[in-house]
Amino acid sequence: MADSETPPEGGTNRGALDVSAEDVGRISPEGRPAYPGMGVRRMWAVFLVVGAAIIMASLGFAYFINPFAGLAAATVGGFMVMVNPALWAAIFRAKERERVASGDAPRN
C-alpha cells in the first residue's frame with residue numbers, strides 16, 4: 001500500500017504517521033514524538049479520564065474512610081496532575097501536531 005492510499009478499515013496509514021512525526025520533529029524543540037497520532041482532542045480525553053479516576057478514588061476514600069481522607073486524596077491527586085511536567089509537555093506536543101496537520105508549520 002502506498003503512503004497516499006487510504007488504509008483498510010481498522011488499520012493505520014503508518015507512512016502518513018511517520019511523515020507527520022518527522023514534520024513535528026522538525027519544528028519541535030523536543031524532536032520526533034513517540035505517538036504521532038495523538039492530537040489535542042485525544043490528550044484532553046486522557047486528562048478527563050485521569051481527572052475522573054482521581055474524583056472516583058477521592059469519593060471512595062470519603063465514603064469508606066472519612067471525608068477528610070477524600071479531601072486529602074483529591075488535593076494530592078489534583079496537585080500531582082498540576083505539577084506533572086510530562087502531562088503539560090504532552091499538550092504542547094499535541095498542539096505541534098495540530099500545527100503540522102493544518103499546514104502552518106514551516107517545511108524544510
Side-chain angles (χ1 to χ4, degrees):
M1 173 169 73
D3 286 350
S4 61
E5 292 179 19
T6 305
E9 289 265 340
T12 61
N13 190 342
R14 188 72 186 143
L17 289 179
D18 286 339
V19 169
S20 176
E22 293 303 322
D23 289 341
V24 171
R26 278 192 213 90
I27 67 166
S28 175
E30 296 180 4
R32 188 176 192 279
Y35 303 104
M38 183 163 281
V40 174
R41 279 195 215 166
R42 195 173 294 176
M43 201 67 226
W44 281 110
V46 169
F47 274 132
L48 288 174
V49 168
V50 169
I54 290 170
I55 290 170
M56 294 303 291
S58 299
L59 290 174
F61 285 171
Y63 182 77
F64 290 109
I65 299 173
N66 69 36
F68 295 113
L71 182 62
T75 303
V76 169
F79 179 74
M80 290 178 75
V81 168
M82 295 302 292
V83 298
N84 187 338
L87 292 176
W88 293 108
I91 290 176
F92 293 116
R93 294 305 300 263
K95 288 181 181 178
E96 291 168 353
R97 290 181 192 97
E98 295 291 325
R99 197 171 141 206
V100 167
S102 70
D104 292 339
R107 299 263 181 199
N108 292 345

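For clarity, every value in this text was computed on a predicted model and none was experimentally measured.
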S.K.: Please set out all donor-acceptor pairs under 3.5 angstrom arising from side-chain atoms of residues 66-82, sequence neighbours excluded.
M.R.:
| from | atom 1 | to | atom 2 | distance (Å) |
| --- | --- | --- | --- | --- |
| Asn66 | OD1 | Phe68 | N | 3.0 |
| Asn66 | OD1 | Ala69 | N | 2.8 |
| Thr75 | OG1 | Leu71 | O | 2.8 |

S.K.: Tell me every residue that passes ring pair (Phe, Tyr, Trp, His ring centres under 6.0 Å) with Tyr63, counting only those two or more places apart in sequence or in another chain.
M.R.: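 Here no residue qualifies.
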S.K.: When Ile, Leu, Val, Met, Phe, Trp and Tyr are grouped by side-chain heavy atoms lying under 4.5 Å apart, directly or through other members, which residues fall in the same group as Leu59?
M.R.: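 Direct or chained contacts put Leu59 with Ile55.
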